[in-house]
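Heads up, the thing below is written out as structure tokens.
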Amino acid sequence: MSDKKHYFITTAIDYANSKPHIGHAYEKVTTDIIARYKRLKGFDVYFSTGTDEHSLNVMAKAKETGVDPKTYVDSMAVAFKDLCSQYKISITDFVQTSEERHAKAVSEIFRRSFESGDIYKGTYEGWYCKSCEAFYAQGELTEDNCCPTHKTQADLIKEDNYFLKITKYTDRLLKHIEDNPDFIQPETRKNEILAMLKSGFRDVSVSRPGLNWGIPLPVDHTQTVYVWFDALINYITAVGFATDEEKFKKYWPADAHIIGKDITKFHCIIWPIMLMSAGLALPKKVFGHGHLLYKGEKMSKTRGNIVDPINIANVFGVDVIRYYFAANITNGTDGEFSEESIILCFNTDLANDLGNLINRSINMVEKYCGAKVPEFFDHILDEKMKTIVEKAKQVKQVYFDRMDAFNLSGALDSAWELISMANKLIEDEAPWNLQKNNKVHELETVLYILLEVIRLASIVILPVMPDTAPQIWEKIGVNYDEKTINIDEELNFGKLIKGGAVSKGNPLFPRILDEKEAEKLKLMKEKQAKKA
RNA sequence: GGCGGUGUAGCUCAGUUGGUUAGAGCACUCGGUUCAUACCCGAGUUGUCGGGGGUUCGAAUCCCUCCGCCGCUACCA
């Protein structure tokens, strides 16, 4: 097993300041889909997520709740772990930044940077609003230096901080980004980062004075490590930096950091430079995904349109939400989210296209072939059958290419194109007529193709819908297991063995009838009644 | 303000290095079919490809300009 190729993928760690919302679920799901896919491709995958727990806000929140910070963050970590388990997120690690192993990693990174002379003591000057208890950039303030929310005068405050010499490494980073076109994705995020670097990026402070919630600086115990410097290090904590050198060697550098587009600056400038300074390799890829919009609007507390991930999964099912995320949102762009569009997506893609194809195909195999996988006679293929078989043979490569590019919706399209062709093939060949006319070879071959399309589709959706795929396997009588399946082999056409038992069972995706659907159905029935 | 991006059917978007009647999915209308979850299949409607100007035999595709929208513009994650 040790000769397996390794793959280390991460989500960002979540701020332990408020409970999980649907955006957290989105990031974890897309990352999980990639992680599962890589496992299916034979990689030894390490998949980490976690919670970011050191900050003023967390302290305040704990105080508000009446518990000490550690108790508070532990309870928040549980909430995020529950989210992972509900959404079937196949993590191998969950890092809390308040853990001892993380403190070790942070201290070690700090020490290394400090020793290479990249951390120096200086003065941080910033505009501070007493009401917000926060610093603002001058550009954020009103013209007369007032806080944008409180409209009161902000104070120019100076405090002693330790700084990281970003400026020492910007040229090197610039070159790295230009030499590695896939380092920052998508392209638009890369452009932003390049612009920032070219316009000159200041050194950043990496400590705060006088806090007792945080990791003390190894070199100055009156200061703690600033949250961002602290949080980013979680990625190497996960794979054993400063605690398990063998594990670290195995998994670092990370293959992909999947993060929200709002935090690319930290991941694409500060984090790489921290690593350079500490003499560590850079992650191979940082992918900034888009945000979910609720009916076209940003989700926010003030708008009151935050979607609860637990609730929505209970209503529609985890696999359905996972499918919706992957199929309906172009990875890397903002995505629409609403109950209506979930229902639409479910009814068209899952119920009408895939679910109905499975149901009608297996039904015919039961009726016409005694519920046994029929034989494939390749010498009687007509043009239509040939076309779909050819397409089926190409699915594997198309699917791999798109998944490798993190193009999740495109990867699913590879199966849906086939599904659509299969539904069409049924019309064109009319197996019920072949049956009447006693064209047994044609009948069997058509039905065999249909079953193969279903089987291929089930593998394509496996990383996306890990609970649904096995239900399809049961219907078509294959005994795959996500842990052992060799998809490089099984994604080829023609693997289904003649004589295997199939069984229709209950429909997988019964149509969802919301008000609009019900109305539509009613109209159809009235029309039908008139005709008769 | 600066930088980047974007504006194509009702909606979401594809449109390779400029080249025949501008595409897909969804939605809508009509027709067909019956194996199926009233599903599926077929046909069809809608677009001055943001406005204007230019280059060219020819531009959604290149150039200029104007308008609209979005992102970034640095320490709350």
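These numbers come from the heavy atoms of this one structure, side chains and all, not from hydrogens, waters or symmetry mates. Labels below follow one simple rule: chain letters A, B, ... track the order of the sequence lines, proteins then strands, and each chain is numbered from 1.
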Taking atom [atom1] of [X] and atom [atom2] of [Y], what is their separation to the nearest 0.5 Å?
| X | Y | atom1 | atom2 | result |
| --- | --- | --- | --- | --- |
| T333(A) | K261(A) | OG1 | NZ | 8.5 Å |
| I215(A) | S207(A) | CD1 | OG | 13.0 Å |
| N352(A) | I419(A) | CG | CD1 | 12.0 Å |

Taking for each residue the nucleotide of RNA chain B with the nearest heavy atom, is it G355(A) or K424(A) whose nucleotide lies nearer the 5' end?
G355(A)

Give [X] one of three labels, base, sugar-phosphate or nothing, depending on what nucleic acid heavy atoms sit under 4.0 Å from its own.
| X | answer |
| --- | --- |
| P431(A) | nothing |
| I13(A) | nothing |
| G200(A) | base |
| D353(A) | sugar-phosphate |
| T188(A) | nothing |
| D203(A) | base |
| R189(A) | sugar-phosphate |

Please tell me which of the listed nucleotides, [options], lies nearest to the side chain of [X]?
| X | options | answer |
| --- | --- | --- |
| N423(A) | U37(B), G71(B), C41(B) | C41(B) |
| L344(A) | U37(B), A27(B), U33(B) | A27(B) |
| N191(A) | G4(B), C26(B), C40(B) | G4(B) |
| R511(A) | U37(B), A77(B), C72(B) | U37(B) |
| M196(A) | C40(B), C72(B), A74(B) | C72(B) |
| A351(A) | C72(B), C26(B), U37(B) | U37(B) |
| E427(A) | U34(B), C76(B), A36(B) | A36(B) |
| Y15(A) | C76(B), A74(B), C41(B) | C76(B) |

For [X] and [N], give me the distance from atom [atom1] to atom [atom2], rounded to whole Å.
| X | N | atom1 | atom2 | value |
| --- | --- | --- | --- | --- |
| K265(A) | G4(B) | NZ | C1' | 16 Å |
| N352(A) | C40(B) | CG | P | 4 Å |
| K198(A) | C3(B) | NZ | P | 14 Å |
| I269(A) | A74(B) | CD1 | P | 12 Å |
| K475(A) | U37(B) | NZ | C1' | 11 Å |
| W213(A) | C76(B) | CH2 | P | 20 Å |
| N433(A) | G32(B) | CG | P | 17 Å |
| N356(A) | A38(B) | CG | P | 8 Å |

Going by purine N1 to pyrimidine N3 plus the second Watson-Crick contact, or the G-U wobble pair, all under 3.5 Å, which nucleotide sits opposite [N]?
| N | result |
| --- | --- |
| A77(B) | none |
| A38(B) | none |
| C11(B) | G25(B) |
| G71(B) | C3(B) |
| G19(B) | C57(B) |

Working note: K295(A) + E336(A), criterion salt bridge (Lys or Arg N to Asp or Glu O under 4.0 Å); need CA distance, chi angles, decisive distance, verdict.
CA-CA 6 Å; K295(A) 297 181 183 177; E336(A) 163 76 10; over 6 Å; no

Which of parallel (below 30°), tilted (30 to 60°) and perpendicular (above 60°) describes F287(A) and F406(A)?
perpendicular

Plane angle bin for F183(A) and H176(A) - parallel if under 30°, tilted between 30 and 60°, otherwise perpendicular
perpendicular

Is it true that D428(A) and K424(A) have a side-chain N and a carboxylate O under 4.0 angstrom from each other?
no

Do any N or O atoms from the side chain of H289(A) and from the backbone of I259(A) form a donor-acceptor pair under 3.5 angstrom?
yes

Between the main-chain N or O of V286(A) and the side-chain N or O of Q185(A), is there a donor-acceptor pair closer than 3.5 Å?
no

Considering only heavy atoms, which members of residues 360-371 of chain A lie under 4.0 Å from some atom of RNA chain B?
R360(A), N363(A), M364(A), K367(A), Y368(A)

Using the test salt bridge (charged side-chain N to carboxylate O under 4.0 Å, His left out), find all partners of D118(A) that sit at least two apart in sequence or belong to another chain.
K168(A)

For nucleotides [N] and [M], find the distance between their [atom1] atoms and express it as a whole number of Å.
| N | M | atom1 | result |
| --- | --- | --- | --- |
| C67(B) | G31(B) | C1' | 45 Å |
| G44(B) | G25(B) | P | 13 Å |
| U46(B) | A24(B) | P | 14 Å |

